[in-house]
Protein chains: 2
Amino acid sequence: MPTLDDIAAAAGVSRNAASRALSGRTKATWPSVRERVDHIRRVAAELGYRPHAAARALSERRFACAALIMGTESSRSTLIHGLLDGIITELDANQHRLSVARLSDDALVEPATLPQVLRECSADGLLVNYTHAAPKGMRQVLEAAGIPAVWINAQREVDCVHPDDHGGAHAATAELLRLGHRRIAYLEWHQHPGEHYSFDARRGGYEHAMREAGLPPRSLYLPAGTAVEDSLPVVDEWLTGPERPTAVLAYCFAEILYLGARLRGLSVPKDLSISTFMERPLLLIDRQPTATLVPGYELGRASAAMLLDKFAAPTVALAPRVIPMTYHSGDTIAPPPEA
Amino acid sequence: MPTLDDIAAAAGVSRNAASRALSGRTKATWPSVRERVDHIRRVAAELGYRPHAAARALSERRFACAALIMGTESSRSTLIHGLLDGIITELDANQHRLSVARLSDDALVEPATLPQVLRECSADGLLVNYTHAAPKGMRQVLEAAGIPAVWINAQREVDCVHPDDHGGAHAATAELLRLGHRRIAYLEWHQHPGEHYSFDARRGGYEHAMREAGLPPRSLYLPAGTAVEDSLPVVDEWLTGPERPTAVLAYCFAEILYLGARLRGLSVPKDLSISTFMERPLLLIDRQPTATLVPGYELGRASAAMLLDKFAAPTVALAPRVIPMTYHSGDTIAPPPEA
DNA sequence: ATGAAAGCGCTAACAA
DNA sequence: TTGTTAGCGCTTTCAT
């Protein structure tokens, strides 16, 4: 495994010269210098030289590495589809690496441990994948220690990146309105306090759009604790009567809704439009679901980019970066039957 | 940020003594020595000392870090649910870290680059998450370079960890047989050459169990290129006639099958049993799917453990580690109607 | 723009 | 067991 000294020796220059040439620090304005630089580079390529990241980190006093940290409780640190991919892509483009760590709640709030975690992880900053119910005080600890950190998929005043859940729900509702729907319902599950912010944001976006149109919002819930096998009768009730919705925006349970509609003889989307937030790449039903999706990849890229910005200016608080959601046009929505 | 020298100074000992005490290299048989060690440890804890991973790596000539590598084409490097969690858990328990990298196919087969990737990633070995269609020659390159590597969810002669797909399918079929089913079909999609090994393995397990019972295996396919919206008539055909299966083991499309059954008036599981391989944690339907699941977490732990073993003995080829699949008993299977 | 020398924080070899 | 010394591979002064 060739070292910088090897390259220098093979190229007949000093170690320093080799270092500067390979890192592009030598400006090479003069032609003869330029030639030497090329020569060094060629030798390095031939010998298959790659810098030793640890040695460089030690010397440069930075690791060129970000750490993705998650909690021990996986439900609060779900890894969104595409996120990792986006993070790696962005870091890679900036010659940074990614390491992944999982810390207990206790470790996260202990003022002493966190900074040192960075040393042990060989990271310069944190991508915090603690989407909700993050341990209290963690934020202050990070700030006090001056640790660059970006919060992924969380809504905070600064230093966070999250999808535009409000806008996404608004747009999805607007599309249903545009098609002529008036009785549009919103379906979610019974919300627990401290849930992810997207529950409020999406419902808010829906209600906003409805109010703009002068229509009353209507929420559908499966009563808390409803067993799955008992859900179909509830769904059936929703779809009964003259006031039944002609369209439903569903945070979840879209499949049960779909099944209920089909069993009731309602055709989707002819009799009932369903617009979802399903992140599932595969099809669940015999339709392509019309869906407003969390842009995991873009979220990852933006998070990494923001962290890189923070590396450049660690003390500056950055405004939240809100990423548009991806609208995936499927075939589960259409104009209402009356239209 | 305290360094080892700081600890040593504060404790009034040499740097070396501090190093040995903290790493547990000092045996401390004599009581007075034991006391000093404790003292040093206490000082370190108070000052919040944590070793600098890069410095240690440079000195020890190992990184105490594994790299999870994936291809650029994400379909071939899907991150199984729970896998990352399992990997981190196992590595963490052995004071190792994880970094994640994504390499292009070209980079993976280039004999020169791979070893150096390790340096740049600060890793000692590879967890290869290239479940199928890995670039040819990659294996040889790794071997020639003497790079410790474990293949995750791939079937190879050595150094791999994968679920017992054959056994899982066999057991699922056996359970259906035990319930009294005779006409058990196997549902998958049209297989492309070079697909993941689990296609063959699961079908093999199913056929094996059927043959043991003296029954003819029967495979159901959605014809290649079937549009999703055209799939229901096909499903309907499967469920028609006196020879219709009373149970289906479904690699995929379980939802469509379920929907088709319900629309046809067949009750699940009373009239039709469905046993799946769905990895989805959420419910898709109004039943808890009976499922044989890929044990992502255990897969991760086992992979990491095997890699750690390889660190200890890099040249020894290790026998494949086959992890039992997780059988999740739901309520989509029951005895056949005739029984 | 170059080469010599120092140092990043740690462990490993030595002598005491 | 301890302290001393050397060195891991790299970047960074600082003269030249």
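Letters go in sequence order (proteins before strands), and every chain restarts at 1. Quick caveat, the model's predicted, so the values are computed rather than measured.
- Remark: the backbone N or O of A:Glu35 is not paired with any side-chain donor or acceptor of A:Asp38 at under 3.5 angstrom.
- Rounded to whole Å, the distance from CD on B:Gln95 to C1' on C:dC10 is 17 Å.
- A:Asp92 pairs by the side-chain contact (heavy atoms from CB on, under 4.5 Å) definition with nothing, not counting sequence neighbours.
- Around atom CZ of A:Arg321, no more than 12 heavy atoms belonging to other residues, nucleotides or ligands sit under 6.0 Å away.
- Distances from the side chain of A:Ala55 to the nucleotides C:dT2, C:dC10, D:dG9 place D:dG9 closest.
- For B:Tyr197, the ring-ring contact (aromatic ring centres under 6.0 Å, His included) partners are B:His162, not counting sequence neighbours.
- A:Met1 places its CE atom 16 Å from the P atom of D:dC8, with the value rounded to the nearest Å.
- Under the side-chain contact (heavy atoms from CB on, under 4.5 Å) rule, A:Val13 has a single partner from A:Val37, A:Ile40, A:Ile7, which is A:Ile40.
- B:Ala149 and B:Leu142 get closest at one heavy-atom pair: CB-CD1, 3.8 Å.
- A distance-only check finds a donor-acceptor pair linking the side chain of B:Asp124 to the backbone of B:Cys65 [under 3.5 Å].
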Protein-nucleic acid N or O pairs under 3.5 Å, nucleotides 13-16 of chain D:
| residue | atom | partner | partner atom | Å |
| --- | --- | --- | --- | --- |
| D:dT13 | O4 | A:Asn16 | ND2 | 3.1 |

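- For CD of A:Glu60, the number of neighbouring non-hydrogen atoms (other residues, nucleotides, ligands) closer than 6.0 Å is greater than 12.
- Along DNA chain D, the nucleotide nearest to B:Gly12 and the one nearest to B:Ser59 differ in position, and the one closer to the 5' end is contacted by B:Gly12.
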Without placing hydrogens or testing angles, list every side-chain donor-acceptor pair under 3.5 Å for residues 308-320 of chain A, not counting sequence neighbours.
| residue | atom | partner | partner atom | Å |
| --- | --- | --- | --- | --- |
| A:Lys310 | NZ | A:Asp159 | OD1 | 2.9 |
| A:Lys310 | NZ | A:Asp159 | OD2 | 3.1 |
| A:Lys310 | NZ | A:Val316 | O | 2.9 |

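- Between the side chain of B:Arg97 and the backbone N or O of A:Glu120 there is at least one donor-acceptor pair closer than 3.5 Å.
- The stretch residues 45-54 of chain B has no heavy atom under 4.0 Å from DNA chain D, so no residue of it qualifies as close.
- Checking A:Arg25 against A:Ser19 by side-chain atom types alone, a donor-acceptor pair falls below 3.5 Å.
- At a cut-off of 3.5 angstrom, the base of D:dT11 holds no donor-acceptor pair with the side chain of A:Arg61.
- Rounded to 10°, the helix from C:dA1-D:dT16 to C:dC14-D:dG3 has 40° between the axis fitted to its first five pairs and the one fitted to its last five.
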